[in-house]
Amino acid sequence: MISYPNCKINLGLHVVGKRPDGYHDLETLFVPVHDLCDELEILPTTHYPLPTISQDGIALDNDPDDNLCMRAWRLLHEEFAIPPVSIRLKKGIPFGAGLGGGSADAAFTLKMLNEMFSLHLSDSDLEHRAARLGADCAFFIRNQAAYATGIGDRLEPIALDLSPYRIVIEIPAGEHVSTKEAYAGLSPFTFHLSRPDLREAVKKPIGEWKELIVNDFEASVFPSHPAIAALKDDLYRRGALYASMTGSGAAVFGIFFK
């Protein structure tokens, strides 16, 4: 069984408070982008007592056994005693760029295992399990545009048609922003800013989004990563109707007419 986990972008990202558990409450719009994806193959195996994973494509710096695909298998194995599988992951989505590639891989693994072993879990069932693997994993279960709150795990589907446009995603060479770095640079004043409701903002013409839709992490990331800020400006110079950093960076996207 093969699938193609896709990336996501954030249309706006508001950090609205810090929680007692150390996480932050967010408001954002997740939008799937299918042009940039990984390749995920899962096959049953009788050769090994434990699941195996092989990785190629973009090199990852994590222990393969700690890959989110493996963690997704373990989650379902502990609950349903599913047998070992052989996983092959070819990475096309850059990691640590705010594109959600690892979360997509985890969610697609859950969906594939659910089908492969006839677990009969609903989308809601899968979302609850995906949220245990990562804050934005649940989004990739339905993989449709959604307004997200909480830590990114409370999802409200929204109607958003970007089919008349093309989305260009780029990353400045050599740039990487850790989530910890992005949060550390936020001012507590950010939590109290008054911002437009993202669900209403995206109903406006895209030409107005520049004045309405912001990613709070740009204020903390751009000063120490001027190449990312420069890329956003360059996308506008190239004719983007709207451009923004996605997630906590370092990827930047522009929305253009086709």
Side-chain angles (χ1 to χ4, degrees), residues 1 3-10 13 15-32 37-38 40-42 50-53 55 60-87 89 91 93 95-157 178-180 182-183 246-248:
M1 183 180 293
S3 70
Y4 297 89
N6 56 273
C7 72
K8 59 81 179 168
I9 57 172
N10 296 79
L13 201 167
V15 185
V16 297
K18 190 167 184 178
R19 300 153 53 106
D21 60 9
Y23 289 94
H24 290 75
D25 282 316
L26 310 173
E27 298 169 346
T28 189
L29 292 180
F30 288 136
V31 179
C37 61
D38 294 337
L40 178 63
E41 182 177 27
I42 303 179
L50 296 173
T52 61
I53 185 168
Q55 298 175 173
L60 299 177
D61 60 357
N62 65 321
D63 182 341
D65 283 339
D66 196 42
N67 185 282
L68 279 167
C69 297
M70 296 289 277
R71 291 168 58 188
W73 177 87
R74 285 194 289 268
L75 187 152
L76 293 182
H77 173 73
E78 289 170 3
E79 186 172 358
F80 298 102
I82 61 173
V85 293
S86 174
I87 300 172
L89 176 63
K91 288 297 295 180
I93 303 172
F95 66 93
L99 294 168
S103 296
D105 296 337
F108 274 64
T109 299
L110 291 176
K111 291 192 285 186
M112 293 169 73
L113 294 173
N114 182 48
E115 181 179 349
M116 183 179 293
F117 296 111
S118 301
L119 302 181
H120 305 295
L121 296 171
S122 68
D123 284 346
S124 294
D125 294 333
L126 291 169
E127 284 175 339
H128 290 139
R129 288 161 177 81
R132 293 163 57 185
L133 297 171
D136 55 359
C137 288
F139 162 73
F140 289 100
I141 297 297
R142 299 179 200 263
N143 210 18
Q144 299 173 339
Y147 176 66
T149 54
I151 60 173
D153 59 334
R154 295 204 294 268
L155 302 169
E156 174 189 328
S178 72
T179 304
K180 181 178 180 180
Y183 275 106
T246 183
S248 56

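Computed over heavy atoms, backbone and side chain alike; hydrogens, waters and symmetry mates excluded.
Using a 4.5 Å heavy-atom threshold, the side chains of Asp153 and Tyr23 count as separate. Looking at heavy atoms from C-beta onward, Val15 lies in side-chain contact with Leu26 at the 4.5 angstrom threshold. Under the 4.5 Å side-chain criterion, counting only non-hydrogen atoms from C-beta, Phe140 is not in contact with Asp105. Contact of the Leu68 side chain with the Thr109 side chain is not registered, since no non-hydrogen atoms from C-beta on lie closer than 4.5 Å. Contact of the Arg142 side chain with the Leu155 side chain is not registered, since no non-hydrogen atoms from C-beta on lie closer than 4.5 Å. Within the 4.5 Å cutoff, the side chain of Leu50 has no heavy atoms near those of the Pro84 side chain. Counting heavy atoms from C-beta on, the side chains of Ile87 and Asn67 never come closer than 4.5 Å. The shortest side-chain heavy-atom distance between Leu110 and Leu133 falls under the 4.5 Å cut-off.
Within a 6.0 Å sphere centred on CZ of Phe95, other residues, nucleotides and ligands contribute more than 12 heavy atoms. Under a cut-off of 6.0 angstrom, the local environment of CD in Glu79 is crowded, with over 12 non-hydrogen atoms contributed by other residues, nucleotides or ligands.
A side-chain donor from one of Asn10 and Lys8 sits under 3.5 Å from a side-chain acceptor of the other.
Note that CE of Met1 and CE of Met116 are 4.5 Å apart. Values are rounded to the nearest 0.5 Å. Within the model, atoms CZ of Phe108 and CG of Leu89 stand 12.0 Å from one another, a figure rounded to the nearest 0.5 Å. Summarising the geometry, atom CD1 belonging to Ile141 is positioned 10.5 Å from atom OG belonging to Ser124; distances are rounded to the nearest 0.5 Å. From Asp63, atom CG reaches atom CE of Met70 across 9.0 Å, with rounding to the nearest 0.5 Å. A distance of 12.0 Å separates SG of Cys137 from CZ of Arg132, quoted to the nearest 0.5 Å. With values rounded to the nearest 0.5 angstrom, Cys69 atom SG is found 5.0 Å from Ile53 atom CD1.
Considering every non-hydrogen atom in both Arg19 and His24, the closest pair reads CD-C, 3.8 Å. In terms of heavy-atom proximity, His120 sits nearest to Asn114 at N-OD1, 3.3 Å. Across Gly100 and Asp136, no two heavy atoms sit closer than the pair CA-OD2, 4.3 Å. Heavy-atom minimum distance, Leu76 versus Arg129: CD2-CD, 4.0 Å. Heavy atoms only, all atoms of each residue included: Ile93 and Asp38 are closest at N-OD1, 2.8 Å. Residue Pro83 comes nearest to Trp73 through the heavy atom pair O-NE1, 2.9 Å, listed as atom of the first residue, atom of the second, then distance.
Aromatic ring orientation, Phe139 versus Phe30: tilted (interplanar angle from 30° to 60°).
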- Query: For Tyr147 and Glu27, what are the C-alpha separation, side-chain angles and deciding distance, and is it a side chain to side chain contact (heavy atoms under 4.5 Å, CB included)?
  - Reply: CA-CA 7 Å; Tyr147 176 66; Glu27 298 169 346; 3.6 Å; yes
- Pair Ile82-Leu119, side chain to side chain contact (heavy atoms under 4.5 Å, CB included): steps then yes or no: CA-CA 9 Å; Ile82 61 173; Leu119 302 181; 4.1 Å; yes
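With hydrogens and angles disregarded, no donor-acceptor distance shorter than 3.5 Å links the side chain of His128 to the backbone of Leu126.
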